[in-house]
Amino acid sequence: MGQAKKVVLAYSGGVDTSVCIPYLKEKYGVEEVIAFAADLGQGDELEPIRVKALDAGASDSIVGDLIKPFVEEFAFPAIRTNALYEGRYPLSTALARPLIARRLVELAKELGADAVAHGCTGKGNDQVRFDVAIAALAPHLKVLTPAREWGMSREETIAYGELFGIPAPVTKKSPYSIDLNLLGRSIEAGSLEDPMVAPPEEVFAMTCSIAQAPDAAEEIELGFEFGNPVSINGVILEPVKLIDQLNKLAGKHGFGRLDIIENRVVGIKSREIYETPGLLLLIRAHQELESLTLSADVLQTKVQLERKWADLVYQGLWFTPLKEAIDAFIDKTQIDVNGVVKIRLHKGNAVVVGRSSSINSLYIPSMATYGKEDEFNHKAAEGFIYVWGLPSRLWASNKRK
Ligand code: ARG
């Protein structure tokens, strides 16, 4: 295994990834570290982050705007799939990782780097997602993972950084570990490590508390085309804007908070707080539109594949043949998912109160009605039920013998 001379590092601006820069040079013999910071709509100022990497000794520092592909190629497929890991977590962090990995690999090729690097620790899911995605895209590319190997405590990491002019965090360090992007925030650690301690209000930034949410309910209409969200209240919006607006709308009403115990890939359970207002709302609305427009058997089969898709994405298996095959099934089903869903937002709730599809609705009023327009053939039910119930009848009479 030859030494890597030129490395592209996934860079966030935090202490760990900053310390990775001198550490890679000193301990791994890397000559050039090129920092790459991704804009995923997290709202951070990226210019200071770019400069920070140079100050830490990077030979070059690149900021990449990935927000559009993030929404269109990663968030929208998750909405079409109604993807919820373990039935609850909408994968807001997990979805970003294969995209960052893809860009790292592209940059390594463009810049002639012989390795990529990230600052994930050995306990989380993100290391799994980066390493596996990189392996799938560039099987022979080396991945350097200093933070998984250095064995330094947080204090030691800060002290090591100071030796190389990396300033210790000036603001009183928040006890929480936070990841954020346009789709949401995940908050871990600090007092949250006790699963019995309620999350303090200070951990939230995208959603307000139920107490502070407006007293008046607000009704909104979300429009979908081919399973993709396209409009709010009849106004067509481009994907990034749409998610951003929904985050604000749903967040204002206190919708989109999760407090869950989650099973990590590495075998441990962790307590996770999330706020993902727009994404959760879109999934809920999308599920509703599917119940109107997809046949019963397609829905039942899709639900099973949704669960599998969410597992694959959570577990770092984005770039795999199974994931692609499930995508093909999902895409086929979404041709029929066109219409609008009406939702009432109120005090932490998002209640579906209406749905319609002018071309794909399988809800047939003349079949459903109890009024005089009823066209359902009631007499035909008798023969159907006789055959349907025949196995039960035969089994019961046999038992009585
Ligand atoms: N548990 C979530 C996930 O696995 C959130 C991970 C947060 N990552 C982080 N580096 N803070 O997707």
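In each ligand, atom 1 is the first atom listed, and ligand 1 is the first ligand listed. In what follows, residues are counted from 1 in the order of the sequence shown. As the structure is a computational prediction, the values presented were derived from the model and not from experiment.
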J.: Tyr274 versus ligand 1: do any nitrogen or oxygen atoms come within less than 3.5 Å of each other?
T.: yes
J.: Looking just at side-chain N and O atoms, do Glu26 and Tyr160 make a donor-acceptor pair shorter than 3.5 Å?
T.: yes
J.: Can you pull out the closest protein heavy atom to atom 12 (O) of ligand 1? Residue, atom name and distance to 0.1 Å, please.
T.: Tyr89 OH, 2.6 Å
J.: Charged N to carboxylate O below 4.0 Å: is that the case for Arg271 and Asp259?
T.: yes
J.: Could you check whether Glu73 pairs with Lys68 (Lys NZ or Arg NE/NH1/NH2 to Asp/Glu carboxylate O, under 4.0 Å)?
T.: no
J.: Under 3.5 Å between any N/O of Arg129 and any N/O of ligand 1: does that happen in this structure?
T.: yes
J.: May I ask whether Tyr85 has any heavy atom positioned less than 4.0 angstrom from an atom of ligand 1?
T.: no
J.: Counting each atom of ligand 1 from 1 as listed, which ones have a heavy atom of Asp179 under 4.0 Å away?
T.: 7 (C), 8 (N), 9 (C), 11 (N)
J.: Using a 4.0 Å heavy-atom cut-off, say whether Glu188 meets ligand 1 through its side chain, its backbone, both or neither.
T.: side chain
J.: In the protein, what heavy atom is nearest to atom 1 (N) of ligand 1, and what distance, to one decimal place, separates them?
T.: Glu262 OE2, 2.8 Å
J.: Under a 3.5 Å cutoff, is there a donor and acceptor pairing between the side chains of Gln127 and His118?
T.: no
J.: Starting from atom 7 (C) of ligand 1, locate the nearest protein heavy atom and write down its residue, its atom name and how far away it is, to 0.1 Å.
T.: Ser186 OG, 3.3 Å
J.: Before accepting this row, confirm whether a basic side-chain N of the pair Glu188/Arg264 lies closer than 4.0 Å to the acidic partner's carboxylate O.
T.: yes
J.: Under a heavy-atom criterion of less than 4.0 Å, does Ser177 contact ligand 1?
T.: yes
J.: What side-chain donor-acceptor pairs closer than 3.5 Å can you find for residues 232-241, not counting sequence neighbours?
T.:
unit_1: Asn233; atom_1: OD1; unit_2: Glu221; atom_2: N; d: 2.9
unit_1: Glu238; atom_1: OE2; unit_2: Lys241; atom_2: N; d: 3.4

J.: Tell me whether Arg129 forms a cation-pi arrangement with Tyr314, defined as NZ or CZ under 6.0 Å from the six-membered ring centre and within 45 degrees of its axis.
T.: yes
J.: Looking only at protein heavy atoms, identify the closest one to atom 4 (O) of ligand 1 and say how far it is in Å.
T.: Asn125 ND2, 2.7 Å
J.: How far is atom 10 (N) of ligand 1 from its nearest protein heavy atom, and which residue and atom is that?
T.: Asp126 OD2, 3.0 Å
J.: Say whether Arg185 and ligand 1 are in contact under the criterion: heavy-atom distance to a ligand atom below 4.0 Å.
T.: no
J.: Any side-chain donor paired with an acceptor under 3.5 Å for Arg50 and Ser61?
T.: no
J.: For atom 6 (C) of ligand 1, which protein heavy atom lies nearest, and how many Å away is it?
T.: Thr93 CG2, 3.8 Å
J.: Between Glu290 and Asn82, do the side chains contain a donor N or O and an acceptor N or O under 3.5 Å apart?
T.: yes
J.: What orientation do Trp318 and Trp309 show, parallel under 30°, tilted 30 to 60°, or perpendicular over 60°?
T.: perpendicular
J.: With heavy-atom distances below 4.0 Å as the criterion, list the atoms of ligand 1 near Glu272.
T.: 1 (N), 2 (C), 5 (C)
J.: Is Gln127 touching ligand 1 with its side chain, its backbone, both, or neither, if touching means heavy atoms under 4.0 Å apart?
T.: neither
